[in-house]
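Chain A is the first sequence line, chain B the second, and so forth, proteins listed ahead of strands; every chain is numbered from 1.
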There are 2 protein chains.
Amino acid sequence: MNLRLARTSCIECPIRHRAVCAECDDTELAVLEGIKSYVTVPKGGRIAEAGESLDHLSSVVSGCATVSKTLADGRRQMVGLLLPSDFIGRPGRATLSFDIEAATDVTLCRFQRRAFEAIIRSSPNVARRLLTMTLDELDVARDWQVLLGRLTARERVIHFLLSLVRREATETGAAHRSGPVRLELPLSREMIADYLGLTIETTSRQFTALRKDGLIETPTARTIVVPDLLNLMPEAMDEDGGPIA
Amino acid sequence: MNLRLARTSCIECPIRHRAVCAECDDTELAVLEGIKSYVTVPKGGRIAEAGESLDHLSSVVSGCATVSKTLADGRRQMVGLLLPSDFIGRPGRATLSFDIEAATDVTLCRFQRRAFEAIIRSSPNVARRLLTMTLDELDVARDWQVLLGRLTARERVIHFLLSLVRREATETGAAHRSGPVRLELPLSREMIADYLGLTIETTSRQFTALRKDGLIETPTARTIVVPDLLNLMPEAMDEDGGPIA
DNA sequence: CGGAATGTTGATAGGTGTCAAAGATGGTGG
DNA sequence: CCACCATCTTTGACACCTATCAACATTCCG
């Protein structure tokens, strides 16, 4: 693991208002400030492995990491995508059930387990924020279950693209319900396939099909242009048939 | 919703040591005791519907409920199974994203939202317990994602049976790693299919196949006998290839 | 520039869904 | 108590979607 240490004040931290520390007051923030350390894991690096004991909990500051499980015969399923402000690890249990890998270079803000668990006990604002974040993750995981259990390959790929659009909109604050959008895919075809419960080939074919149908353009394999979101959304097959919030 | 009110002391509550109140001290328990009420929902009844606003949070005291989502065209995927001690609802958000239905008669221990949220703020023991339970649910959801994304129909059914065996073992404390086991299925074939992301027909065919292979016996459609767990476990295809913990 | 990794396309096979019908099961009322 | 009907479950035939195996194209880096 390639380590790069730095010192940045929590006050000017890019994930200050979204991470596990979002609801901290100045006093609590000072405590966290005192025990945190930064680590950067290079693209492709392992952040944690299933079954192994973690002595640090951390927040993703920048980059993109994957949470996945690999079966004995090599089949792999991604079960989570970690983006800036997402939290890694569970207070109260040292061992993880899933592998966590860096999909891009990832910078983490780490806390020693023992120290962080003490903070959880003394600072209800951290505990409450962590509960909210975990409940949100649970909703995401369950929507993902619906996708994996019931959607066709085409619907899965469309959902994937729309979720990227939505994320982008959340980060920039811009809410485009229609009009052209350009996306840089943070994942390779293989990772997208693992994300969607498909094979690389099927995933690639779906991209091709969407291109032939005029729903997307693919200047490069990692760049997707959606000429008009309104054409893509009707096929998403959400429970209410409407556009994604 | 068929309501039946009762009065039972928390002290002798069957889920006292596993539910959201598990870590409460006597003082906290007294507060909960004061605001709780019991409700029984008959088999097949709706406990909550996606999008609707919930003004009560509750714990399952007895019975079995399902958490699921139905798509616009009728496709349905179950994403959670609620058993005694499981919690329904999220503090801090009134609307649910999923439907919750009673698979058997279900008795709930309910708390008014506002009152419970106040307790969350004043009683760290409740908040902490809820966090632990939510983290556990997240792990379950993610394992379920692996099942839905990568396992074959046969593997899914075997996993389902083994998970029932494991649950039984947890409740009774008996840990049978081998030998014959008898199971009463709490779910219909349709519910099992929704649980596993399969159709009724495929699910039924898998039960038939397992019977023909001698791995299970089916005295009635709702009763499964496993002559020897050791024959079933190798096919579970867990990540480590080993038996289920 | 060259080789490895990544992505696309094709042919084929196999697993699961769909449509259809027959068998069990269980509850209800006569 | 039994007959009847609705519901649940099983089984069959067939179609279709996705996985698999294979080859080729492209991109990325060393």
To the side chain of S204(A), which of dT16(C), dT9(C), dT18(D) is closest? dT9(C)

Expressed in angstrom and rounded to an integer, what is the separation of D194(A) atom CG from dT18(D) atom P? 17 Å

Roughly how many Å is it from CG in L148(B) to C1' in dG17(C), rounded to a whole number? 16 Å

Take the protein atom CD of Q206(B) and the nucleotide atom P of dT10(D), then report the distance between them rounded to whole Å. 12 Å

Roughly, in whole Å, what's the span from CG in L196(B) to C1' in dT16(C)? 13 Å

Would you say T199(B) reaches dT18(C)'s phosphate, i.e. side-chain N/O to OP1/OP2 under 4.0 Å? no

Would you say dT16(C) has OP1 or OP2 under 4.0 Å from some side-chain N or O of T202(B)? no

Between T152(A) and T218(B), which has a closest nucleotide on DNA chain D that is more 5'? T218(B)

Note: for R222(A) and R150(A) on DNA chain C, the residue whose nearest nucleotide lies more 5' is R222(A)

Atom CZ of R205(B) to atom P of dC14(D): distance rounded to whole Å? 13 Å

Cationic N near anionic O, under 4.0 Å, E101(B) to R76(B): yes

Can a salt bridge be assigned to the pair E168(A) and R182(A) using a cut-off of 4.0 Å between side-chain N and carboxylate O? no

Do E184(A) and T223(A) meet the criterion of a side-chain donor-acceptor pair at a distance under 3.5 Å? yes

Taking CD from E201(A) and P from dT12(C), how many angstroms apart are they, rounded to a whole number? 17 Å

Any side-chain donor-acceptor pair under 3.5 Å between T107(B) and T40(B)? yes

Hey, does T208(B) reach any base, or is it just sugar-phosphate, or nothing, if we go heavy atoms under 4.0 Å? sugar-phosphate

Separation of dT9(C) C1' from R189(A) CZ (nearest whole Å): 13 Å

Sidechain-backbone polar pair: Q77(B) side chain, D194(B) backbone, donor-acceptor under 3.5 Å: yes

Between CD of E155(A) and P of dC16(D) the distance, given in whole Å, is 17 Å

